[in-house]
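Take a look at the structure below.
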Amino acid sequence: MKLIQSFYDSDDTLKMAKDLIGHFLYTNLDGNITGGMIVETEAYMGVTDSSCHTFNNRKTNRNATMYCQGGVIYMYVCYGIHDMLNIVTGSEGDSQVILIRAIEPLTGIEIMKERRGDVPLKRLTKGPGSLAKALGLKRIHDGISLTEDKVWIEDQGFKVEPENIIETARIGLGCPEPYFSIPWRFFLKGNVFVSGKTK
DNA sequence: GACGGGATTTACT
DNA sequence: GTAAATCCCGTCA
């Protein structure tokens, strides 16, 4: 069952970041459906979070989408090479997002392999750059709604027990404390597609 | 108009 | 473990 607009309107971004673990993310681009189960997310909590692109109410062309009403995707390029997929949450103007860091590949695996080149299955969708590439998402998809038919998330009734969601510090940040180590990264315990350290 | 750097990945040694 | 790849964007001149 596809998640509807009201799911994304919630401003409890941390709860959503955990809820998304065990949900299913799909894209339908160029006539190809690809996707899998979300196993790793990170929350970026808006203007008060010094690691967030909108820290201090910063408004630029790049981050404009982050201020949209929840339910659209924010895509940006990191290191000039990798496109990153984020889910915008909450009300218009509050700029909180959830970075999708990894999925377990399930649908359209052959298509994803073509997009990724010659990599082993276990690395197909591990890490935010790999995931976006496998799903065919690029910066040009910035601002697309999750309630339309190019990219969406489903609840398929997969239950994740709270004790199987591990919380750690976010990965790759260069910001000062306390946000450097605040545990706003979430992943599914024991899943081999989780990136970075898995304990 | 120049310059620095980044929510990473991969291929090296 | 370390380094290279690589591109806008945001900032400052």
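Letters go in sequence order (proteins before strands), and every chain restarts at 1. Please read all numbers here as calculations on a predicted model, not as lab measurements.
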**Request:** Please state whether the phosphate of dC9(C), meaning OP1 or OP2, lies under 4.0 angstrom from any side-chain nitrogen or oxygen of T60(A).
**Result:** no
**Message:** With a 6.0 Å cut-off (strictly less than), is the heavy-atom count around NZ of K15(A), excluding the residue itself, greater than 12?
**Reply:** no
**Request:** Check whether any side-chain nitrogen or oxygen of S130(A) sits under 4.0 Å from OP1 or OP2 of dT9(B), and answer yes or no.
**Result:** yes
**Message:** How many whole angstroms separate atom CZ of R58(A) from atom C1' of dG6(B)?
**Reply:** 11 Å
**Fill in**
From the candidates dT8(B), dA7(B), dT10(B), the one with an atom nearest any side-chain atom of H53(A) is dA7(B)
**Fill in**
In I87(A), V88(A), I144(A), the residue satisfying side-chain contact (heavy atoms from CB on, under 4.5 Å) with Y74(A) is V88(A)
**Item:** Atom of R58(A), atom of N63(A) and distance for their closest heavy-atom approach
**Value:** O-ND2, 3.1 Å
**Item:** First encountered from the 5' end of DNA chain B, between D118(A) and L173(A)
**Value:** L173(A)
**Request:** May I have the distance from M75(A) (atom CE) to dC9(C) (atom P), rounded to whole angstrom?
**Result:** 14 Å
**Message:** Nearest to the R123(A) side chain among dT10(B), dT8(B), dT11(C), which nucleotide is it?
**Reply:** dT10(B)
**Message:** Can you measure I73(A) atom CD1 to dA7(B) atom P for me and round it to whole angstrom units?
**Reply:** 19 Å
**Item:** Interatomic distance where CZ belongs to R116(A) and C1' belongs to dT10(B) [whole Å]
**Value:** 10 Å
**Request:** Ignoring the backbone of Y79(A), work out which of dT8(B), dA5(C), dA7(B) is nearest its side chain.
**Result:** dT8(B)
**Prompt:** Closest nucleotide of DNA chain C for N63(A) versus for G80(A): which of these residues is on the 5' side?
**Reply:** G80(A)
**Asked** What does L99(A) touch in the nucleic acid at a heavy-atom separation under 4.0 angstrom: a base, only the sugar-phosphate, or nothing?
**Response** base
**Along DNA chain B (nearest heavy atom to each residue), the more 5'-positioned of Y76(A) and V119(A)** = Y76(A)
**Asked** In whole Å, what is the span from the CG atom of L85(A) to the P atom of dT9(B)?
**Response** 13 Å
**Message:** I'd like to check, for Y44(A), whether its ring lies over the base of dA7(B) with centroids under 5.5 Å apart and a plane angle smaller than 30°.
**Reply:** yes
**Request:** Check whether any side-chain nitrogen or oxygen of R139(A) sits under 4.0 Å from OP1 or OP2 of dC9(C), and answer yes or no.
**Result:** yes
**Request:** Evaluate whether atom CG of D149(A) has more than 12 neighbouring non-hydrogen atoms of other residues, nucleotides or ligands under 6.0 angstrom away.
**Result:** no
**Prompt:** Any side-chain N or O of R62(A) under 4.0 Å from OP1/OP2 of dC7(C)?
**Reply:** no
**Asked** Just wondering, are more than 12 heavy atoms of other shown residues or ligands nearer than 6.0 Å to NZ in K2(A)?
**Response** yes
**Fill in**
When both distances are under 3.5 Å in a Watson-Crick or G-U wobble arrangement, the nucleotide paired with dG1(C) is dC12(B)
**Item:** Phosphate OP1/OP2 of dA7(B): any H82(A) side-chain N/O under 4.0 Å
**Value:** no
**Request:** Please report, rounded to the nearest Å, how far the C1' atom of dC9(C) is from the OH atom of Y74(A).
**Result:** 10 Å
**Asked** Given atom NZ of K133(A) and atom P of dA5(C), what is their separation to the nearest angstrom?
**Response** 16 Å
**Request:** Give one of base, sugar-phosphate or nothing for I171(A), where a contact means two heavy atoms less than 4.0 Å apart.
**Result:** sugar-phosphate
**Asked** To the nearest Å, how far apart are K122(A) NZ and dT10(B) C1'?
**Response** 14 Å
**E42(A) and its salt bridge (charged side-chain N to carboxylate O under 4.0 Å, His left out) partner, picked from R170(A), K18(A), R101(A)** = R101(A)
